[in-house]
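Input: a single structure, listed below in structure tokens.
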Amino acid sequence: MTISIRPNVKLMEPYQPGKPISEVKRELGLDRVVKLASNENPFGPSPKAVEAVRKAALEMHLYPDGAAYSLRQALSKKFDVPTSHLLVGNGSDELIHLLGLVLLDKPTDEVVIGDPSFVRYDAAANLAPCRLVKVPLDGTFTHDLAAMRGAVTTDTKIVFVCNPNNPTGTIVTKTDFEAFLNDLPGHVAVVLDEAYYEFACSNPEYPKSLDYVKAGRNVIGLRTFSKAYGLAGIRIGYGFAPEVVVDAVNRAREPFDVNSLAQAAAEAALGDKEHVAKTVENNRAEAERISRALADWGMKPVPTSANFVFVQLDRPGKPVFQQLLKMGVIVRATDEMGQPNCIRISIGTHEENSFLLDCLKEVLEK
Ligand SMILES: *Cc1c(COP(=O)(O)O)cnc(C)c1O
């Protein structure tokens with residue numbers, strides 16, 4: 001018997017997640033391990049979300065509300081947008097995946113993405129029969145919108161703009177984004193992935209997907225509860241999109257894709273402004289501190305608008321990653337993303353960052 005697998009699937013690599021703390025402790029016999037690898041919230045979840053999950057747990061024998069009615073109402077109110085423009089998914093990863101499924105149709109269809117950018121766009125494209133077009137970032141590690149525009153053809157269905165970009169932390173400005181959007185042919189959907197929105201939105205030059213969706217543009221905005229809201233483990237994301245896209249996603253998704261605990265947690269977290277404010281303020285101060293220290297040591301941190309710093313080192317990044325790991329600090333090696341001389345460091349609490357800086361200093365002085 002020969003079971004044949006779709007060729008596009010064979011092109012895919014299984015996702016390499018940041019190492020879990022428990023695994024590193026066990027393998028290396030360490031007591032203290034700090035994870036600065038997956039851009040999680042160093043303060044944990046909102047206490048209000050934890051309380052909501054406790055309550056919701058008593059009803060987990062029931063199927064969740066497949067329409068996420070209560071959460072959609074809360075999102076609609078908070079962002080002043082009709083529920084018909086709201087997407088809710090099992091993480092924004094699921095929404096990325098579903099957008100590929102509902103928008104891509106033929107092997108000649110094209111998806112344009114930055115390089116390096118978020119790895120899940122590759123997966124969304126590869127699961128549909130289509131052609132993935134990768135456009136290198138510019139010299140400042142920012143999306144090169146002019147080059148991306150140049151890569152758009154009559155076959156292009158989706159352009160993914162990750163803003164701030166993971167793994168580099170840079171943003172495209174409102175001026176540049178609007179020029180790009182105005183110049184695009186009408187058949188192209190632009191996905192603005194705003195997973196790090198809360199860390200960037202105070203910048204007046206930051207373009208907001210919601211404004212374009214409200215104006216009826218071909219823009220789909222994606223947000224998540226995994227980063228600033230601290231709910232990565234329970235899996236829930238949301239987004240803003242034209243009604244035709246929301247309708248398509250609702251047809252294609254699993255009926256109970258977002259579980260009841262996640263819905264309860266998200267709604268409670270949405271109402272906890274203090275938790276997000278504390279997270280964003282710590283991040284601002286600590287990103288500055290880490291970046292300054294790295295620059296003092298002769299490294300080149302890329303100015304960040306997110307909760308991580310992408311650093312160009314003066315040597316290969318993988319051995320630095322490995323030595324930090326042995327000392328109990330998990331960061332992200334970026335060699336698989338085609339950036340062998342860099343690492344990506346998530347911003348932790350003040351204390352975690354001090355530990356990181358002490359260890360990193362020792363590694364770099366060796
Ligand atoms: C973390 C991240 C996501 C995924 O978020 P989930 O809601 O946890 O699936 C999406 N896009 C980018 C750019 C991310 O960094």
Side-chain angles (χ1 to χ4, degrees), residues 15 17-26 33-79 81 83 86-98 120 194-199 222-240 246 249-280 282-283 307 330 346 348-349 352:
Y15 182 68
K19 274 181 177 281
I21 293 175
S22 54
E23 184 183 320
V24 175
K25 279 189 178 163
R26 194 171 356 110
V33 172
V34 169
K35 186 182 177 202
L36 301 173
S38 303
N39 309 335
E40 293 144 337
N41 188 322
F43 297 122
S46 148
K48 291 183 179 163
V50 175
E51 194 43 44
V53 168
R54 251 189 247 286
K55 285 206 189 108
L58 297 174
E59 299 215 328
M60 67 179 158
H61 59 299
L62 301 174
Y63 277 101
D65 174 2
Y69 177 82
S70 183
L71 175 62
R72 272 174 204 270
Q73 291 299 321
L75 288 166
S76 167
K77 199 161 156 224
K78 179 165 170 113
F79 298 111
V81 63
T83 52
L86 285 173
L87 298 165
V88 177
N90 186 4
S92 53
D93 278 354
E94 187 200 22
L95 295 173
I96 293 167
H97 176 79
L98 285 167
R120 299 308 298 166
E194 301 176 330
Y196 303 96
Y197 174 87
E198 295 78 9
F199 302 103
L222 297 180
R223 304 258 189 95
T224 181
F225 285 99
S226 298
K227 309 286 161 57
Y229 288 100
L231 302 181
I234 210 159
R235 313 300 305 129
I236 183 159
Y238 64 103
F240 314 111
V246 174
V249 167
N250 276 333
R251 289 164 197 265
R253 69 181 177 88
E254 287 178 32
F256 303 111
D257 54 347
V258 184
N259 73 71
S260 47
L261 304 183
Q263 292 182 33
E267 192 177 338
L270 203 60
D272 191 348
K273 287 199 184 120
E274 288 127 74
H275 190 69
V276 174
K278 172 181 158 185
T279 303
V280 168
N282 171 75
N283 190 74
N307 65 346
I330 318 171
S346 304
T349 61
E352 288 173 334

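Small disclaimer: the values here were computed from a predicted structure and weren't measured.
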Hey, are N39 and Y196 close enough side-chain-wise for a donor-acceptor pair under 3.5 Å?
yes

Between E267 and S70: side-chain donor-acceptor atoms closer than 3.5 Å
yes

Rounded distance (nearest 0.5 Å) linking atom [atom1] of [X] with atom [atom2] of [Y]:
{"X": "N90", "Y": "L95", "atom1": "CG", "atom2": "CG", "result": "9.0 Å"}
{"X": "E59", "Y": "L62", "atom1": "CD", "atom2": "CG", "result": "5.5 Å"}
{"X": "S226", "Y": "D93", "atom1": "OG", "atom2": "CG", "result": "7.5 Å"}
{"X": "D272", "Y": "T279", "atom1": "CG", "atom2": "OG1", "result": "8.5 Å"}
{"X": "L36", "Y": "I330", "atom1": "CG", "atom2": "CD1", "result": "8.5 Å"}
{"X": "N259", "Y": "I234", "atom1": "CG", "atom2": "CD1", "result": "6.0 Å"}

[Y] and [X], any side-chain heavy atoms less than 4.5 Å apart:
{"X": "F240", "Y": "L222", "answer": "no"}
{"X": "E94", "Y": "D257", "answer": "yes"}
{"X": "L71", "Y": "V88", "answer": "yes"}

Sub-3.5 Å donor-acceptor pair from the side chain of [X] to the main-chain atoms of [Y], do we have one?
{"X": "N283", "Y": "N41", "result": "no"}
{"X": "R235", "Y": "V258", "result": "no"}
{"X": "T349", "Y": "E352", "result": "yes"}
{"X": "Q263", "Y": "D65", "result": "yes"}
{"X": "H275", "Y": "G44", "result": "yes"}
{"X": "R120", "Y": "H97", "result": "no"}

Give a yes or no on whether [X] atom [atom1] has more than 12 heavy-atom contacts from other residues, nucleotides or ligands under 6.0 Å away.
{"X": "F256", "atom1": "CZ", "value": "yes"}
{"X": "K273", "atom1": "NZ", "value": "no"}
{"X": "Q73", "atom1": "CD", "value": "yes"}
{"X": "Y63", "atom1": "OH", "value": "no"}

Cation-pi check, R223 to Y238: give yes when NZ or CZ is under 6.0 Å from the six-membered ring centre and within 45° of the ring axis, no otherwise.
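No, R223 does not lie over the aromatic ring of Y238.
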
For [X] and [Y], work out which heavy atoms get closest and say how close.
{"X": "A49", "Y": "A265", "answer": "CB-O, 3.6 Å"}
{"X": "A269", "Y": "L231", "answer": "CB-CD1, 3.9 Å"}
{"X": "V50", "Y": "P45", "answer": "CG2-CG, 3.6 Å"}
{"X": "I236", "Y": "A262", "answer": "CD1-O, 3.7 Å"}
{"X": "S260", "Y": "A56", "answer": "O-CB, 4.4 Å"}

E23/R26 ion pair, N-O < 4.0 Å:
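Here E23 does not pair with R26 in a salt bridge, since their nearest N and O are not under 4.0 Å apart.
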
Would you call K227-E40 a salt bridge at under 4.0 Å N-O?
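Judged by the 4.0 Å cut-off on N to carboxylate O distance, K227 and E40 do not form a salt bridge.
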
Reference residue E198; test side chain to side chain contact (heavy atoms under 4.5 Å, CB included); the match among V276, T224, N307:
V276

